[in-house]
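Comments concern the structure below.
Quick note on labels: first sequence line is chain A, next is B, and so on, each numbered from 1. The analysis underlying the following values was restricted to heavy atoms, covering all of them including side chains, and did not include hydrogens, waters or symmetry mates.
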Amino acid sequence: MSTSLRDTLVRERYLLRFSWAMQDFPKYKSIVRELRTELTATAGEVGMRQAVADLGHPHALAHGYLSGLGRPVPRWTTGAVWGALMVGAVVYLGAAYAIGTLDTLGQLGGGTVEREFLGATTTFTNDDDAISVSSTITWQVLVFYACVFTVPFLLGARVWRVWARTPEPVHA
Amino acid sequence: MLVLALLTERESYGYELVTRLHEGGLDDLSAGTLYPVLNRLERDGQISSRLVASSAGPARKYYLPTETGAQQLWSTARAWEQLAATVESMLARATTKESS
């Protein structure tokens, strides 16, 4: 029995949200694969909408799997997204500052200005011949960008969960 | 415990187990509650699974208790009976005192 396009979309939308919530469960892809098979087979009995509804909210389902581990797990993908967003925000602010500086130079009749940040000199030029931004690079700047990524990455990943202890199993 | 008990009666796939639990009186139980339990039991080696071809779609995963699962069911059932007996006796004492 083939699955209709609509049913496939319903199923895959659910599984996408479930996968995101399960990102740090060990070997979660095999669980997603199993769930896809189970949903497809169950849809043959009760319909895809009912099969998906019976699973409940994807985050609640993922929580059920994660709590079965008996310990919290780090969320590396979330950490990477946080780190990338922070680096993106700093790059955006730097670009906005550069454009603003060049624009101001133009309004003032053109010229060159130098700014220093963590030992690195950035030169902004806006005159009749050229519009340019050039910069030197120092180890302090590299450390700064590393921190801009690493700190939100570690916080977003809840890195302290790496050291969380696994409690003794309780059988009820 | 109930999952192991039902699987001891006969092997089942996930959704069938949900239906059997509903028939047993656990109306509120959803498939979303059961699948993580099956995953944990299989990871702990208490149940094993095999794929069986299905007429309604792809092959389904059927579960059966392992030897470890059977032992676990036995010890959990004993513990449950003891707990139930304790609760019953305490409630009986309380309700007798209240009525006298």
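Residue A:L154 is grouped with residue A:W163 when hydrophobic side chains (ILVMFWY) are merged at heavy-atom distances under 4.5 angstrom, including chains of intermediate members. The cluster map of Ile, Leu, Val, Met, Phe, Trp and Tyr, joined by side-chain heavy atoms under 4.5 Å apart, puts B:L17 and B:L64 in different clusters.
In the displayed structure, A:M22 atom CE is contacted under 6.0 Å by more than 12 heavy atoms of other residues, nucleotides or ligands. In B:W80, the CH2 atom is not crowded: 12 or fewer heavy atoms of neighbouring residues, nucleotides or ligands sit closer than 6.0 Å. The environment of A:I131 atom CD1 is sparse: at most 12 non-hydrogen atoms of other residues, nucleotides or ligands sit within 6.0 angstrom. For A:R6, the CZ atom is loosely surrounded, since the number of other residues' heavy atoms within 6.0 Å does not exceed 12. Other residues, nucleotides and ligands contribute at most 12 non-hydrogen atoms within 6.0 Å of the CH2 atom of B:W74. Heavy atoms of other residues, nucleotides or ligands lying less than 6.0 angstrom from CD of B:E88 number 12 at most.
Using a 4.5 Å cut-off between non-hydrogen atoms, the part of residues 19-37 of chain B that approaches chain A consists of B:S30, B:A31, B:G32, B:Y35, B:P36.
One finds the OH atom of B:Y13 at 3.5 Å from the CD atom of A:E45 (value rounded to the nearest 0.5 Å).
Of the two parts of A:L35, only the side chain, counted from C-beta on, holds a non-hydrogen atom closer than 4.5 Å to a non-hydrogen atom of chain B. If you measure heavy-atom distances from A:F25 to chain B, the contacts under 4.5 Å come from the side chain alone. For a residue to count as touching a neighbouring chain, one of its non-hydrogen atoms must lie under 4.5 Å from one of that chain's; by this rule B:A79 does not touch chain A.
Under the rule for a ring-ring contact (aromatic ring centres under 6.0 Å, His included), A:Y14 has no partner lying at least two apart in sequence or in another chain.
The pair B:R60-A:E38 meets the salt-bridge criterion, since a charged nitrogen lies less than 4.0 angstrom from a carboxylate oxygen.
Of the possible polar contacts, one joining the B:R43 side chain to the A:G68 backbone as a donor-acceptor pair under 3.5 Å is found.
Residues B:V18 and A:D54 fail the side-chain proximity criterion, which asks for heavy atoms closer than 4.5 Å.
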